[in-house]
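The sequence lines fix the lettering, A, B, ..., with proteins before strands; numbering per chain opens at 1.
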2 protein chains.
Amino acid sequence: MENLERHLNEAFAALADPTRRAIVTRLSRGDATVGELAEPFAIGLPTMLKHIRVLERGGLVSSAKAGRVRTCTLNPGALGAADAWLRRHIATWEARLDRLEAHVEARMVQAETGKAAKAQPRNDGRHDD
Amino acid sequence: MENLERHLNEAFAALADPTRRAIVTRLSRGDATVGELAEPFAIGLPTMLKHIRVLERGGLVSSAKAGRVRTCTLNPGALGAADAWLRRHIATWEARLDRLEAHVEARMVQAETGKAAKAQPRNDGRHDD
DNA sequence: CCAAAACTTCACCGAACGGCAAACTGATCT
DNA sequence: AGATCAGTTTGCCGTTCGGTGAAGTTTTGG
């Protein structure tokens with residue numbers, strides 16, 4: 001499933017551009033055609049179509065053509081994937097902070113008790129797990 | 001507060017590059033120096049420094065120099081901001097889906113009651129869940 | 001003091017990006 | 001049929017991006 005990694009890749013790349021994030025915002029409020037999407041921003045149809053293609057490659061949007069009109073719809077699954085990535089890293093960071101805090105607290109207790117001053121700082125800079 | 005918008009902008013742009021996301025992953029596990037960060041990826045120090053600058057502009061990372069060594073640390077607040085953006089849009093989308101579902105359900109009730117026979121299944125093939 | 005370590009700056013390269021105008025392709029309207 | 005509308009494709013342009021090698025700069029170890 002390295003494909004997932006690459007897909008996440010394209011999803012974040014798609015979200016990198018402010019215009020494309022605005023498109024996502026617009027689509028989260030309801031489906032829209034290429035023309036409807038292009039009109040609020042001052043960009044031409046070809047450019048908008050390119051943005052849509054990028055969003056589709058990132059799995060964020062899908063679109064279908066009916067007659068001469070292409071309608072775009074938001075694909076919330078991919079947003080969820082990016083969200084999951086972010087939350088995972090926030091969680092990892094917070095876990096690290098908790099460990100650090102516990103470590104400091106242990107030191108303070110030791111200091112208060114005034115017992116053996118073997119603070120054991122094996123955590124000078126490294127400490128991966 | 002348009003400044004927040006631009007900051008979010010740079011944060012997403014920073015996360016667009018896979019190498020930079022890997023840096024974030026690495027830093028979520030603990031602080032690291034420029035050299036330590038560069039070593040796992042096959043890139044030179046100048047390149048790594050550039051990535052760090054991008055992550056700093058996005059507010060994702062901060063770094064400080066002690067002696068001849070620069071140590072980088074993850075700044076979880078910005079991750080949270082990006083996360084909040086994503087969740088807001090997922091929520092908006094889901095609210096929209098709920099409204100749509102309610103609408104369809106109301107119609108079905110109408111159809112069952114045998115009232116106005118305008119069953120209009122505008123829902124030709126969509127509405128997966 | 002001298003050399004090595006660890007960045008940092010600089011100048012440059014090729015690829016990718018966002019944008020456009022113009023020409024083309026199918027619907028849809030009159 | 002002819003005009004029009006909504007995309008779509010193509011080719012181009014200037015900028016930004018990720019990456020490099022070479023030449024500084026500042027600490028640090030001997």
Side-chain angles (χ1 to χ4, degrees), chain A residues 5-27 30-74 124-126, chain B residues 5-27 30-74 124:
Chain A
E5 183 73 16
R6 212 200 41 177
H7 213 256
L8 185 66
N9 230 332
E10 315 236 38
F12 269 115
L15 289 172
D17 184 67
T19 301
R20 278 189 304 257
R21 278 208 314 289
I23 294 172
V24 169
T25 298
R26 168 65 184 79
L27 288 181
D31 296 0
T33 71
V34 177
E36 282 169 355
L37 286 175
E39 169 240 326
F41 320 107
I43 65 176
L45 290 193
T47 307
M48 177 51 70
L49 195 59
K50 249 198 245 184
H51 281 311
I52 291 170
R53 289 279 147 79
V54 173
L55 288 164
E56 282 183 329
R57 248 189 306 160
L60 299 168
V61 160
S62 34
S63 70
K65 204 164 175 179
R68 63 184 163 174
V69 173
R70 173 175 300 277
T71 304
C72 305
T73 188
L74 190 61
D124 284 17
R126 302 285 306 138
Chain B
E5 183 74 14
R6 212 199 41 176
H7 211 256
L8 185 66
N9 230 331
E10 315 235 38
F12 270 115
L15 288 172
D17 184 66
T19 301
R20 279 188 304 257
R21 278 208 313 289
I23 294 172
V24 168
T25 299
R26 168 66 185 78
L27 288 181
D31 296 357
T33 71
V34 177
E36 283 169 357
L37 285 175
E39 169 240 326
F41 319 107
I43 65 176
L45 289 195
T47 308
M48 178 52 71
L49 195 59
K50 254 197 243 182
H51 281 311
I52 290 169
R53 289 278 146 80
V54 173
L55 288 164
E56 282 182 331
R57 247 190 306 158
L60 299 167
V61 161
S62 33
S63 70
K65 203 163 177 178
R68 62 182 162 175
V69 172
R70 174 175 299 276
T71 305
C72 306
T73 187
L74 189 61
D124 336 9

Check your understanding: Are any of the side-chain heavy atoms of B:L60 and B:I23 separated by less than 4.5 Å?
Key ->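 Sidechains of B:I23 and B:L60: no contact.
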
Review point. Side-chain contact, heavy-atom cut-off 4.5 Å: B:E56 with B:R53?
Key: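 Side-chain contact under 4.5 Å: yes.
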
Practice item. For a side-chain contact (heavy atoms from CB on, under 4.5 Å) with B:L37, tell me which candidate from B:L45, B:I43, B:L27 qualifies. Key: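 In the set B:L45, B:I43, B:L27, the residue that makes a side-chain contact (heavy atoms from CB on, under 4.5 Å) with B:L37 is B:L27.
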
Return the value, rounded to whole Å, for the distance between atom [atom1] of [X] and atom [atom2] of [N].
X: A:E10; N: C:dC17; atom1: CD; atom2: C1'; answer: 14 Å
X: A:F41; N: C:dC20; atom1: CZ; atom2: P; answer: 13 Å
X: B:L55; N: D:dC17; atom1: CG; atom2: C1'; answer: 14 Å
X: A:R53; N: D:dT8; atom1: CZ; atom2: C1'; answer: 8 Å
X: B:K65; N: D:dT28; atom1: NZ; atom2: P; answer: 10 Å
X: A:L49; N: C:dA21; atom1: CG; atom2: P; answer: 16 Å
X: A:N9; N: C:dA16; atom1: CG; atom2: C1'; answer: 14 Å

Review point. Just to confirm, is there a sub-4.0 Å distance from OP1 or OP2 of D:dG7 to any side-chain nitrogen or oxygen of A:T33?
Key: yes

Check your understanding: Can a side chain N or O of A:R70 be found less than 4.0 Å away from OP1 or OP2 on D:dT8?
Key ->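 Answer yes for this pair, as a side-chain N or O of A:R70 is under 4.0 Å from OP1 or OP2.
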
Interatomic spacing from [atom1] in [X] to [atom2] in [Y] - rounded to 0.5 Å:
X: B:E36; Y: B:D31; atom1: CD; atom2: CG; answer: 9.5 Å
X: B:R20; Y: A:F12; atom1: CZ; atom2: CZ; answer: 12.5 Å
X: A:S62; Y: A:L55; atom1: OG; atom2: CG; answer: 10.5 Å

Practice item. Could you tell me which non-hydrogen atom of B:L15 sits nearest to which non-hydrogen atom of B:R21, and how far apart they are? Key: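 Residues B:L15 and B:R21, closest heavy atoms: O-NH1, 2.8 Å.
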
Review point. Between B:N9 and A:A16, what is the shortest heavy-atom contact and its length?
Key: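 For B:N9 versus A:A16, the nearest heavy atoms are OD1-O, 4.0 Å.
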
Review point. Taking protein heavy atoms under 4.0 Å as touching, what does nucleotides 18-23 of chain D look like 5' to 3' if B marks base contact, S marks sugar-phosphate-only contact and - marks none?
Key: BBBBB-

For nucleotides 25-30 of chain C, print each protein N/O atom paired with a nucleotide N/O atom at under 3.5 Å, atom names and distance only.
unit_1	atom_1	unit_2	atom_2	d
C:dT28	O4'	A:R68	NH2	3.4

Check your understanding: Ignoring hydrogens and geometry, is there a side-chain-to-backbone donor-acceptor pair from B:R57 to B:A14 under 3.5 Å?
Key -> no

